Amino acid sequence: MSAEKEDVIHHQQRMAHPSTGLSELAWMAAMATVVKVLLIPAYHSTDFEVHRHWLALTHSLPFNQWYLDESSPWTLDYPPLFACFEKLLSLFAVHVDPKIVDLINGLNYKAETVVVFQRVTVMLADLVLYFSLWRCCRKLSLEKQRLVYISIVWSPSLFIIDHIHFQYNGFLLGILLLSLSFLSEGQDFMGGLVFAVLLCFKHLFLVAAPVYFVYLLRHYCRGPYRIVKFFTLGISVLAVFLLAFGPFIYYGQMSQVVKRLFPFGRGLCHAYWAPNVWALYNTADKVISFSLRMLGFNIHTVTASLTGGLVGDSAPYAVLPQYLVILCFRCFMKMKNIL
């Protein structure tokens with residue numbers, strides 16, 4: 001047998017059948033879930049109460065009150081589809097412990113029932129991540145699948161942020177991976193549509209929107225029917241946003257929704273942790289104020305003043321002008337309207 005034929009045979013042996021990769025992923029996910037169960041009584045941050053309050057808010061109030069409610073400091077600041085996700089979870093929470101969804105008496109509720117329920121919801125939401133992960137990797141060799149599965153399923157950051165600190169980032173990452181899996185298979189329309197759905201779950205993924213726009217413009221909107229494809233995709237994406245935000249437009253609440261999604265009052269550094277212009281602006285203010293203090297100037301600063309979690313809890317900048325941030329946002333909105 002020639003060396004070339006042997007290489008082909010070895011390559012075919014390394015390629016996994018989709019079901020083989022799925023069984024590998026299922027085993028890893030099961031082991032990871034065991035660890036997550038052991039983490040149920042672990043420390044959790046204020047985000048735990050944030051999401052518990054959102055369960056109560058979406059369960060107790062009609063949707064046209066979701067972005068107006070101020071019964072708790074932890075007001076709703078995620079897009080409507082995530083609020084609907086919380087509403088879905090609340091339908092089960094009320095049967096586990098009615099106080100979980102009590103808007104007033106449930107504030108800062110920390111009973112074992114609520115801890116277990118919310119921890120379990122994160123574990124179940126991770127099923128979206130596992131499915132999307134398998135869909136992305138099912139055509140890879142078994143060795144590569146294992147490498148990817150280990151790096152994500154056993155990601156220390158996801159364990160810490162989702163299953164200790166408390167978030168649903170694995171669920172949201174799963175939606176992103178689902179979108180990418182469609183793109184990798186040449187199903188650009190579905191990939192763009194799923195990404196639009198993701199933006200209506202968590203708007204922080206807007207940072208990837210320019211990349212998606214350029215990719216879809218070059219890969220999907222081409223050929224003899226490129227104009228038709230462009231408008232078909234645009235109308236479909238617009239329909240997703242209208243489905244999510246339409247009711248709030250109808251009730252004239254979009255300005256309130258925008259204020260909640262882009263909370264200048266608590267500092268955009270807290271709302272958008274990724275290294276962006278807001279983080280750089282805050283860093284520059286810190287560096288300048290520190291340098292001026294070293295030179296003998298009396299500069300008053302508040303520790304971690306730009307990263308507080310409460311709306312309205314962000315102190316003014318020490319040196320740089322506060323109004324510049326608001327000016328940048330207004331310019332952005334103007335450009336968006338023009339385009």
Side-chain angles (χ1 to χ4, degrees), residues 29 32-34 36-131 158 161-175 197-198 200-203 240 243-248 250-251 253 256-257 260-261 263 309-311:
T33 302
V34 171
K36 293 171 186 177
V37 170
L38 295 176
L39 291 174
I40 286 178
Y43 152 86
H44 55 76
S45 72
T46 53
D47 280 340
F48 187 87
E49 169 60 16
V50 170
H51 287 279
R52 189 220 56 81
H53 177 67
W54 291 356
L55 290 173
L57 186 156
T58 55
H59 183 82
S60 305
L61 298 177
F63 69 88
N64 61 347
Q65 296 294 316
W66 289 355
Y67 291 95
L68 301 176
D69 176 73
E70 295 183 354
S71 58
S72 165
W74 313 114
T75 52
L76 180 61
D77 58 6
Y78 272 36
L81 288 191
F82 195 89
C84 293
F85 171 69
E86 295 278 7
K87 172 70 174 180
L88 176 64
L89 296 181
S90 74
L91 299 179
F92 299 95
V94 69
H95 296 291
V96 174
D97 185 345
K99 196 172 180 179
I100 296 176
V101 294
D102 191 318
L103 189 61
I104 305 301
N105 298 321
L107 290 176
N108 298 311
Y109 188 46
K110 297 180 180 179
E112 184 177 352
T113 51
V114 66
V115 172
V116 173
F117 176 78
Q118 290 194 225
R119 293 291 196 193
V120 170
T121 61
V122 180
M123 297 180 207
L124 292 176
D126 280 347
L127 292 174
V128 176
L129 173 64
Y130 301 147
F131 170 75
L158 284 179
I161 296 174
D162 281 11
H163 302 280
I164 298 179
H165 177 91
F166 194 84
Q167 284 283 349
Y168 290 92
N169 290 299
F171 166 65
L172 297 168
L173 178 60
I175 301 176
V197 171
L198 175 62
C200 295
F201 270 96
K202 192 164 186 178
H203 54 300
V240 172
L243 181 65
F245 292 93
F248 304 98
Y250 175 79
Y251 283 103
Q253 296 179 355
Q256 175 66 16
V257 174
R260 289 288 180 84
L261 298 184
L310 290 174
V311 175

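Source: prediction; values computed, not measured.
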Minimal heavy-atom distance between Ser60 and Val101, with the atoms involved, is OG-O, 3.0 Å

Going by heavy atoms in the side chains, are Asn64 and Pro247 under 4.5 Å from each other?
no

Taken to the nearest 0.5 Å, the spacing of Leu57 CG from Glu70 CD works out to 11.0 Å

- Query: Is Lys36 salt-bridged to Asp126, going by a charged N under 4.0 Å from an acidic O?
  - Reply: yes

| message | Taking the side chain as everything from C-beta on, heavy atoms only, tell me whether Asp102 gets closer than 4.5 Å to Leu107. | response | no

Open item on the list: Looking at Gly106, is its backbone amide N or carbonyl O close enough to the side chain of Lys99 to form a donor-acceptor pair, meaning the two atoms are under 3.5 Å apart?
Closed with: no

Separation between CG (Asp97) and CZ (Phe117), nearest 0.5 Å, reads 10.0 Å

Separation between CZ (Phe82) and SG (Cys200), nearest 0.5 Å, reads 13.5 Å

| request: Measure up the Phe248 and Trp66 rings against each other and bin them: parallel (under 30°), tilted (30 to 60°), perpendicular (over 60°). | output: tilted

**Prompt:** With ring centroids as reference points, do Tyr168 and His51 lie under 6.0 angstrom apart?
**Reply:** yes

Is the side chain of Ser45 donor-acceptor paired with the backbone N or O of His165 at a distance under 3.5 Å, no angle test?
yes

- Would a line drawn from the ring center of Phe171 to the ring center of Phe201 be shorter than 6.0 Å? yes

Rounded to the nearest 0.5 Å, the NZ atom of Lys202 sits from the CG atom of Asp77 at a distance of 9.5 Å

>> More than 12 heavy atoms of other residues, nucleotides or ligands under 6.0 Å from OH of Tyr250: yes or no?
In response: no

Using side-chain heavy atoms (C-beta onward) and a distance below 4.5 Å, is Pro41 in contact with Val115?
no

- Backbone N or O of Leu39 within a donor-acceptor pair of the His163 side chain at under 3.5 Å? no

In short, Gly170 meets Asp162 closest at the heavy-atom pair N-OD2, 2.7 Å

Min side-chain heavy-atom separation Tyr78-Trp54 under 4.5 Å: yes

* Asked: Is there side-chain contact between Lys110 and Arg52, with heavy atoms separated by less than 4.5 Å?
  -> no

One should read off an interatomic distance between Trp74 CH2 and Asp69 CG, to the nearest 0.5 angstrom, of 14.5 Å

Taking every heavy atom of Arg119 against every heavy atom of Ile40, the minimum-distance pair comes out as NE-O, 3.3 Å

Could you please spell out the steps behind the side chain to side chain contact (heavy atoms under 4.5 Å, CB included) verdict for Leu129 and Leu158?
-> CA-CA 11 Å; Leu129 173 64; Leu158 284 179; 4.1 Å; yes

Taking C-beta and beyond as the side chain, do Pro73 and His53 meet within less than 4.5 Å on heavy atoms?
no

Query raised in the report: Less than 4.5 Å apart, any side-chain heavy atom of His59 and any of Val94?
Result: yes

Heavy-atom nearest pair, Ser71 first then Ile104, reads CB-CD1, 4.3 Å

One should read off an interatomic distance between Leu68 CG and Thr75 OG1, to the nearest 0.5 angstrom, of 11.0 Å

Next on the checklist: Closer than 3.5 angstrom, by distance alone: can the side chain of Glu49 be matched with the main-chain N or O of Asn108 as a donor-acceptor pair?
Outcome noted: yes

Q) In terms of heavy-atom contacts, does CZ of Phe92 have more than 12 from other residues, nucleotides or ligands at under 6.0 Å? A) no

Closest non-hydrogen atoms of Pro80 and Tyr67, given as atom of the first, atom of the second and distance, are N-OH, 3.1 Å

Smallest heavy-atom separation, Val128 atom then Ile175 atom, equals CG1-N, 4.1 Å

